There are 2 protein chains.
Amino acid sequence: MNLLFKALRDPTRRRILEMLKEHDLTAGQIAAAFSMSPPSISYHLDLLKHARLVSSRKKGQFVTYSLETSVLDDSLGWILDLIKKGKHKK
Amino acid sequence: MNLLFKALRDPTRRRILEMLKEHDLTAGQIAAAFSMSPPSISYHLDLLKHARLVSSRKKGQFVTYSLETSVLDDSLGWILDLIKKGKHKK
DNA sequence: CAATCTGTTAGATATTTGCCTAATTATATA
DNA sequence: TATATAATTAGGCAAATATCTAACAGATTG
């Protein structure tokens, strides 16, 4: 849960996730969308991978990243619970 | 959105929100639940307030904090959108 | 095999964050 | 009015974070 929220905290990483929700992308394609050095993007991708929000596979010289949504269920549940319990509070 | 995810990133702040979902609490009551100095808790409460996740009202010398769930809808929508679009991806 | 391309790792650095103690503000009470 | 109590503000500091450039690793291609 901690890794997840940590990953979601950064705007760059959230934008990467938004890009990946459309279709898979290579590291280079992702980096090209930001005015930021490739190593910086690599750092963010690694962080997202550790949070299990993305997966990656290597094909030739390219590394393709995909969005992984299953971990998001946890955060969803946590937030929903807050809203729910908040509601039936007197 | 940025302030919201920033607020949710820290475990202490998440725990404060969980406490407040049960019932309102004064700053002192919240601080008592953590092995952390009152100023530190004050800092977290201020951050939560800036993110509009809590509100506060002063009564005498006490300041009571309440959970505010409306902003959570934004994060919920953002996450749901990721999951949804993630699902019907080829 | 040498050059090139994609991507990551290493190392350095400025900024942000989360914590502390000390001081301050505001309220209540002896 | 002096003192105690609740909470915040101020100032400082160590650790975490996000960025960069340089160097490297692996794959492709002339």
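For clarity, every value in this text was computed on a predicted model and none was experimentally measured. Every chain is numbered from 1, with letters handed out A, B, ... down the list of sequences.
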From Leu67(A), Leu53(A), Leu20(A), Leu76(A), residue fulfilling side chain to side chain contact (heavy atoms under 4.5 Å, CB included) relative to Leu82(B):
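Running side chain to side chain contact (heavy atoms under 4.5 Å, CB included) over Leu67(A), Leu53(A), Leu20(A), Leu76(A) with Leu82(B) returns exactly one hit, Leu67(A).
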Is His44(A) near enough to dT17(D) that one of its side-chain N or O atoms lies under 4.0 angstrom from OP1 or OP2?
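For dT17(D), neither OP1 nor OP2 has a side-chain N or O of His44(A) closer than 4.0 Å.
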Would you say Tyr65(A) reaches dT8(C)'s phosphate, i.e. side-chain N/O to OP1/OP2 under 4.0 Å?
yes
Once you round it to whole Å, what is the distance between P of dG18(C) and CG of Leu48(B)?
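Interatomic distance, CG of Leu48(B) to P of dG18(C): 11 Å.
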Just how far, in rounded Å, is C1' of dT9(D) from CG of Leu47(B)?
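Atom-to-atom, Leu47(B) to dT9(D), this comes out as 15 Å.
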Drop me the distance from [X]'s [atom1] to [Y]'s [atom2], to the nearest 0.5 angstrom.
X        : Y        : atom1 : atom2 : answer
Arg57(A) : Tyr65(A) : CZ    : OH    : 11.5 Å
His44(B) : Phe34(B) : NE2   : CZ    : 8.0 Å
Trp78(A) : Leu17(B) : CH2   : CG    : 5.0 Å

Strictly under 3.5 Å: I want the nitrogen or oxygen pairs between protein and nucleotides 20-23 of chain D, one per line.
residue: dC20(D); atom: OP2; partner: Ser37(A); partner atom: N; Å: 3.0
residue: dC20(D); atom: OP2; partner: Ser37(A); partner atom: OG; Å: 2.8
residue: dC20(D); atom: OP2; partner: Ser40(A); partner atom: OG; Å: 2.5

Within 6.0 angstrom of Arg9(A) CZ, more than 12 heavy atoms from elsewhere:
yes
Is it true that Lys84(B) and Asp81(B) have a side-chain N and a carboxylate O under 4.0 angstrom from each other?
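A salt bridge links Lys84(B) with Asp81(B).
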Indicate yes or no: at least one non-hydrogen side-chain atom of Asp74(A) is less than 4.5 angstrom from one of Phe5(A).
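No - every pair of side-chain heavy atoms lies 4.5 Å or more apart.
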Between Asp24(B) and Thr64(B): side-chain donor-acceptor atoms closer than 3.5 Å
no
Short of 4.0 Å, heavy atom to strand atom, which residues of residues 50-64 of chain A count as contacting DNA chain C?
Gln61(A), Phe62(A), Val63(A)
Hey, can you pull the residues of residues 3-17 of chain B with a non-hydrogen atom under 4.0 angstrom from DNA chain D?
Arg9(B)
